[in-house]
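For reference, positions follow the sequence shown, starting with 1.
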Amino acid sequence: MPSRKKTLMFASACFTSIWSFVIVCLVLANKNWVSSNVNFTEGNSSAIITVTYGVFDGVCSKKVIGGLETPAKNFKVAEKLGKTEKKSLNIVIILLLVLSLFSSLMSSGFTCCNTVTNPYQTFLGPIGVYTWNSLSGIFVLLTMILFAVNVEVFQEEGTGETH
């Protein structure tokens with residue numbers, strides 16, 4: 001049996017890994033990754049267009065100040081991407097999140113195993129925990145970078161701006 005100190009350390013690591021798994025699941029399920037409000041003013045009227053989208057779905061609504069509001073229109077993000085480069089970047093982002101989900105699950109399994117058994121100096125011991133946690137962190141970091149690049153590229157192509 002492992003000592004009380006090692007048991008507490010691995011139990012807290014297991015708890016943290018399970019929470020990281022839950023957070024990645026919530027990120028994949030979240031429908032509000034990016035939200036934008038666009039204000040238009042022309043003459044005496046003004047309108048606000050709100051666009052919100054996540055990994056798979058999006059919503060667009062228009063509200064005229066002091067007037068009517070059109071019903072929100074739902075759309076699929078994959079259908080709006082059009083070009084294959086945009087779709088492939090979106091698929092890579094989803095794939096990295098799934099890999100992060102898998103490595104987070106593996107990390108929690110290794111730490112739970114090490115909580116009740118004596119951790120060895122093999123891949124099933126602390127080295128495995130460090131490896132899976134590092135992979136999960138790298139996948140999440142790459143996802144955040146690629147998502148920011150993805151949004152910036154769409155913004156530049158949509159407005160016609162060049163840097």
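Residues in residues 129-144 take part in no salt bridge (charged side-chain N to carboxylate O under 4.0 Å, His left out) pair, two or more places apart or across chains. Sorted by first and then second residue, the salt bridge (charged side-chain N to carboxylate O under 4.0 Å, His left out) pairs with a member in residues 90-117 form an empty list; sequence neighbours excluded. Residue pairs meeting the side-chain hydrogen bond (donor to acceptor under 3.5 Å, both in side chains) criterion with at least one member in residues 54-65, sequence neighbours excluded: D57-K76.
Once rounded to the nearest 0.5 Å, the distance linking CD1 of I93 with CG of L146 reads 5.5 Å. Note: T7 OG1 to K5 NZ = 12.0 Å, rounded to the nearest 0.5 Å. Taking CG of N37 as the start and OG1 of T50 as the end, the distance is 4.0 Å to the nearest 0.5 Å. Between the CG atom in N133 and the CZ atom in F110 there is a gap of 11.0 Å [rounded to 0.5 Å].
Among all heavy-atom pairs drawn from V51 and C60, the shortest one is CG2-SG, 4.0 Å. For A13 against T111, the heavy-atom pair with the smallest separation is CB-CG2, 3.7 Å.
Considering only residues two or more places apart in sequence or on other chains, S17 meets the side chain to side chain donor-acceptor pair (under 3.5 Å) condition with S107. For the side chain to side chain donor-acceptor pair (under 3.5 Å) test, residues two or more places apart in sequence or in another chain that qualify with S136 are S100. Residues passing the side-chain contact (heavy atoms from CB on, under 4.5 Å) test with F40 are V38, I49, sequence neighbours excluded. Taking the ring-ring contact (aromatic ring centres under 6.0 Å, His included) definition, one finds that F102 meets it with W132, sequence neighbours left out. For S104, the side chain to side chain donor-acceptor pair (under 3.5 Å) partners are S20, not counting sequence neighbours. The side chain to side chain donor-acceptor pair (under 3.5 Å) check on T143 picks up nothing, with sequence neighbours excluded. In this structure, T16 has no side-chain contact (heavy atoms from CB on, under 4.5 Å) partners at least two apart in sequence or on a different chain. F21 meets the ring-ring contact (aromatic ring centres under 6.0 Å, His included) test with no other residue; sequence neighbours excluded. Partners of L142 under the side-chain contact (heavy atoms from CB on, under 4.5 Å) rule, at least two apart in sequence or in another chain, are L96, I138.
Put simply, L95 and L89 are part of the same group of oily side chains (I, L, V, M, F, W, Y) that touch within less than 4.5 Å, one to the next. Linking ILVMFWY residues whenever their side-chain heavy atoms come closer than 4.5 Å, directly or via other members, leaves I18 and L97 in distinct clusters.
The closest side-chain heavy-atom distance from I94 to V92 is not below 4.5 Å. Looking at heavy atoms from C-beta onward, L105 lies out of side-chain contact with L101 at the 4.5 angstrom threshold.
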